[in-house]
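Residue numbers start from 1 in every chain, and the chains themselves are labelled A, B, ... in the order their sequence lines are given, proteins ahead of strands. Hydrogens, waters and symmetry mates play no part in the numbers below; they use all other heavy atoms, side chains included.
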Number of protein chains: 2
Amino acid sequence: MTTLLPLADEPTPERADAARNRQAILAAALRLVETRGVACVTMDTVASEAGVGKGTLFRRFESREGLMAAVLNESETAWQASVISGPPPLGPGAPPLERLLAFGHSRLRTNLTHADLIAAAGRPGARSAAAVSFANMHVRYLLGELGVTGDLLMLATALLAPLEMVVLEQQVNREHISIERIEAGWDDLVRRVVGGSPTGGDGAARR
Amino acid sequence: MTTLLPLADEPTPERADAARNRQAILAAALRLVETRGVACVTMDTVASEAGVGKGTLFRRFESREGLMAAVLNESETAWQASVISGPPPLGPGAPPLERLLAFGHSRLRTNLTHADLIAAAGRPGARSAAAVSFANMHVRYLLGELGVTGDLLMLATALLAPLEMVVLEQQVNREHISIERIEAGWDDLVRRVVGGSPTGGDGAARR
DNA sequence: GGTCCAAACGGACCGCAGTCCGGTTCTATT
DNA sequence: AATAGAACCGGACTGCGGTCCGTTTGGACC
């Protein structure tokens, strides 16, 4: 819980060998995941593959979920970059509504692509809650740009919720709904939320 | 996968001793969960407590997640009953919008109450996708009553998504958002979706 | 360069989920 | 009622995630 995020200036930043090992572990894990698939990657394998003791591995990443979250975080970061400074309509330059729709579609595809890794990374407790926060903040920003009023934190959460893997898995694997339909559904949701009558932001709306 | 749901008329309905054991296991599991908490309930414990071999336990419930799902299913069923035929506003008798709001609140509380059990029951793959379907169907019905048009399956999913534990956990444990605020946020979402301008069901709405 | 200690290392060890297979018990059939 | 065979039972066994602790190493300070 303490060393999940590598803060810049802690009392002890990080020892050289520790950093080297973290890199080795992460590289080995990534390679193994791509090669054998997430399910077949054991902690012992990663450890020996990285030329490192098992204990080291667990001290660095806390748990298997933590390790997977770290691996996942690599691509997550790249995605965030493309949202912040990539080409439109996902990146800046397009009108807010288009950006928002593009955001949803992109998130949808990304989640689906990394489905098994997300599953292995477990619930967002171990996984970076930062990822969730980022998405939420961005949606909130776009909603603001669109002139939506109300509890934007809640509204953003509501928009992001249908894009969570738990929901998507149910739709795709269980109910066999096409991705296009899911996208269309999300677009519809966004338009209703954005274009809906403003409640004014207070909770005492009319019944 | 085959015997997850007890179908009524299979070639081999179920042998008497098997049924007896299933009951014993379920009872023991329920008791242990309430006593020690989900985290401390091991399969060995349940087995010995139920006076049954470990193999039996796994044949009946497939996995630990399966067992937990079965335990969870008990209260889930009771809840479904109160939705279908309980007192209003959750049950029938109240106007649709009130029912819908009550439904959300009730679901929210219920999920929060059984948080750890839901976590232990794992992703809805092993868990009864039926539970999800039920909720979805009910919301769809209420949306229909409210005269909402469009892809009701998607709309219902969108309304239910923010009530999933993955989302709630993030809000409650990570962001420390009060339950009242979550409720209010959901109410707002519902009103926007219900009261929003009807898109007519096609995706070609105005920008 | 030498000393010292906190931090990192690594592999033996533990507990639990899940499997396997020989023995047992139920039920349909004659 | 006796028989046959299918379904069930149970506990020994395996593999993996996670912990523990004696040992090693990095680097700050002298």
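Between the A/Ser106 side chain and the A/Ala102 main chain, no donor and acceptor come within less than 3.5 Å of each other.
Contacts of residues 49-57 of chain A with DNA chain C (heavy atom under 4.0 Å): A/Val52, A/Gly53, A/Lys54, A/Gly55, A/Thr56.
The side chain of B/Arg64 contributes an N or O atom lying less than 4.0 Å from OP1 or OP2 of C/dA17.
The listed nucleotides are C/dA17, D/dG17, D/dC8; the one nearest the side chain of A/Thr42 is D/dG17. In the set D/dC8, C/dC9, C/dC16, the nucleotide with an atom closest to the side chain of A/Arg60 is C/dC9. Closest to the side chain of A/Phe58, out of D/dG18, C/dC9, D/dC8, is D/dG18.
As rounded to whole Å, 14 Å separates atom C1' of C/dA8 from atom CZ of A/Phe61. The distance between atom CZ of B/Arg59 and atom C1' of D/dA6, rounded to the nearest whole Å, is 13 Å. Whole-Å rounding puts the B/Met43 CE to D/dT14 P distance at 20 Å. Atom C1' of nucleotide D/dT24 and atom CZ of A/Arg20 are separated by 13 Å, given to the nearest angstrom.
Looking at A/Leu72 and A/Ile118, their side chains come closer than 4.5 Å, going by heavy atoms from C-beta outward. The shortest distance between side-chain heavy atoms of B/Arg20 and B/Ile25 does not fall below 4.5 Å.
Nearest-nucleotide positions on DNA chain D place B/Ala19 closer to the 5' end than the other of A/Val41 and B/Ala19. When each of B/Asn21 and B/Asp44 is assigned the nucleotide of DNA chain D bearing its nearest heavy atom, the one mapping closer to the 5' terminus is B/Asn21.
Ring geometry for B/Trp79 against B/Phe134 counts as perpendicular: the plane angle is over 60°, on a 0 to 90° scale with 30° as the lower cut. The aromatic rings of B/Trp186 and B/His105 sit perpendicular, their planes meeting at an angle over 60°, well past the 30° parallel limit.
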Run the side-chain donor-acceptor check on residues 46-54 of chain A: report pairs under 3.5 Å with partners two or more places apart or on a different chain.
residue: A/Ser48; atom: OG; partner: A/Thr45; partner atom: O; Å: 3.2
residue: A/Glu49; atom: OE2; partner: A/Arg31; partner atom: NH1; Å: 2.9
residue: A/Lys54; atom: NZ; partner: A/Asp44; partner atom: OD1; Å: 3.3

